[in-house]
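First up is the structure itself, then whatever we jot down about it.
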Protein chains: 2
Amino acid sequence: MTDRKPRKDAVRNRASLLAAAEELFASRARPEDVTMSDVAAAAGVGKGTLFRAFGDRTGLIRALYEARLEPLRDAVTAGPPPLGPGTPPLERVPALLDAVLCFKIDHRHLALALEATGSDSPYDADHYDRWHALLRDALEQVPGFGGGDGSGDFAAHALLAAVRADMVEHLVGARGVERERLRSQLADFTARVLGQRSEA
Amino acid sequence: MTDRKPRKDAVRNRASLLAAAEELFASRARPEDVTMSDVAAAAGVGKGTLFRAFGDRTGLIRALYEARLEPLRDAVTAGPPPLGPGTPPLERVPALLDAVLCFKIDHRHLALALEATGSDSPYDADHYDRWHALLRDALEQVPGFGGGDGSGDFAAHALLAAVRADMVEHLVGARGVERERLRSQLADFTARVLGQRSEA
DNA sequence: ATACGATGCGGACCGGTGGTCCGGTTTCTT
DNA sequence: AAGAAACCGGACCACCGGTCCGCATCGTAT
């Protein structure tokens, strides 16, 4: 009822804009020197169209981000182990963190652009709340995190902080750490937090 | 030889500007709605003077931040235990993190302003490198982090990520977690990373 | 096929921000 | 006292995100 048929040119333009934005954020070094006019021009479209389709800059980036995030979200909410529900926490927590890390590595231009909007803290985004709740719930089933003392809550925040986009960018982009090496270091760290001592 | 005496009005104006900026960043809710013109006006000075004294916005905030950071830096480089050198790593690492956390809580307006400049990642700041190196070196003397595999390096990054300004702001400012509670949660987390199992 | 209303388009335009510039003033030196 | 170097200040600039509205385009009813 509420949704009338969208016009063809509208959906085509929306797609062009998303593609152009993806392109630009991936190619330019810093997210903040991709301007809205750039995106509109690259898509062969006027600025009015851009803002009509996505509201504002944050809306554009969020739309891109959520689109890329969808497969991972599905794998987590209704997929097979080790990501999906029904996985033992001691196995699921590292798997979740590893998945997030890989996502941030692969799409760090988008994640960086999202954080660089400045207008809102990353902690206000609703997808952060989802990841945090998921991780907290899993952690609280692990011995030592179960008490209602909030240790699981804080640990979830802290572990997610270890895969933040600008840190990943610093390690992978600036300092040249290889993907697999970073993954194994994160796995190591996670294991330590979970209380599984690693060999020297 | 190279430094001639600075003029009196210059040093007075510089001081006024720092005071005015501190005031404004502390009072206004969001750092980005403190404009450069605001600062200049609040200090009773022209914009030209502001930019002449600090170069650009980042320079202003950095100057403020470093000034507030100095006492802590001194305590770490040449102070008594548990912060100063010569403290056993297992004791010093938690002490360092707790000190950074307290600093971030007390000065989160400045830390947030610094991260919100957008122009540069927090990981490019030289004070980050100092904290990281300090923490890494301490960690690498702890059993399990000693190998040249970079586990100490990554753990230092991850632990510092757990005290980032916007996360602290989210917990203390938005979610209303009390200072002491947060400190104890961080201590708990740190202990876990260091391999000291806590009781259930 | 045609004509008409609704929907979307586009780029000129706006408010505001960080940063610059230069004529006039203040301070230091001799 | 007087000259020169250093500094002040606010008008000014470039640019960005976002708005607006006359006009083109599309979907539909005939």
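Protein chains get the first letters and strands the later ones, always in sequence-line order, with residue 1 at the start of each.
Between B/Leu50 atom CG and C/dG19 atom P there is a gap of 10 Å when expressed in whole angstrom units. Rounded to an integer number of Å, the gap from A/Lys47 NZ to D/dG17 C1' is 6 Å. Straight-line distance from the CZ atom of B/Phe54 to the C1' atom of C/dG19: 16 Å, rounded to whole Å. Between B/Arg12 atom CZ and C/dC28 atom P the separation is 10 Å, expressed in whole Å. Rounded to a whole Å, the CZ atom of B/Arg30 is 14 Å from the P atom of C/dT17. Rounded to an integer number of Å, the gap from CZ of A/Arg7 to C1' of C/dA6 is 8 Å. As rounded to whole Å, 10 Å separates atom P of D/dG18 from atom CG of A/Leu60. Rounded to whole Å, atom C1' of C/dC9 lies 15 Å from atom CZ of A/Phe51.
A close approach under 4.0 Å does occur between a side-chain nitrogen or oxygen of A/Asn13 and OP1 or OP2 of C/dC9. The phosphate of D/dG9 has OP1 or OP2 within less than 4.0 Å of a side-chain N or O from B/Thr49.
For A/His132 and A/Tyr123, the ring centers sit 6.0 Å or farther from each other.
With respect to B/Lys104 and B/Glu169, no salt bridge is recorded, no charged nitrogen being found less than 4.0 Å from a carboxylate O.
A residue-by-residue look at A/Glu32 and B/Gly48 shows that B/Gly48 has its nearest nucleotide of DNA chain D further toward the 5' end. The residue among B/Lys8 and A/Arg52 whose nearest nucleotide of DNA chain C lies closer to the 5′ end is A/Arg52.
Residues A/Leu24 and A/Leu112 fall into different hydrophobic clusters, defined by Ile, Leu, Val, Met, Phe, Trp and Tyr side chains chained together at heavy-atom separations under 4.5 Å.
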For B/Asp120 and B/Arg62: C-alpha separation, side-chain torsions, deciding distance, then whether side chain to side chain contact (heavy atoms under 4.5 Å, CB included) applies.
CA-CA 12 Å; B/Asp120 51 347; B/Arg62 190 171 303 170; 3.2 Å; yes
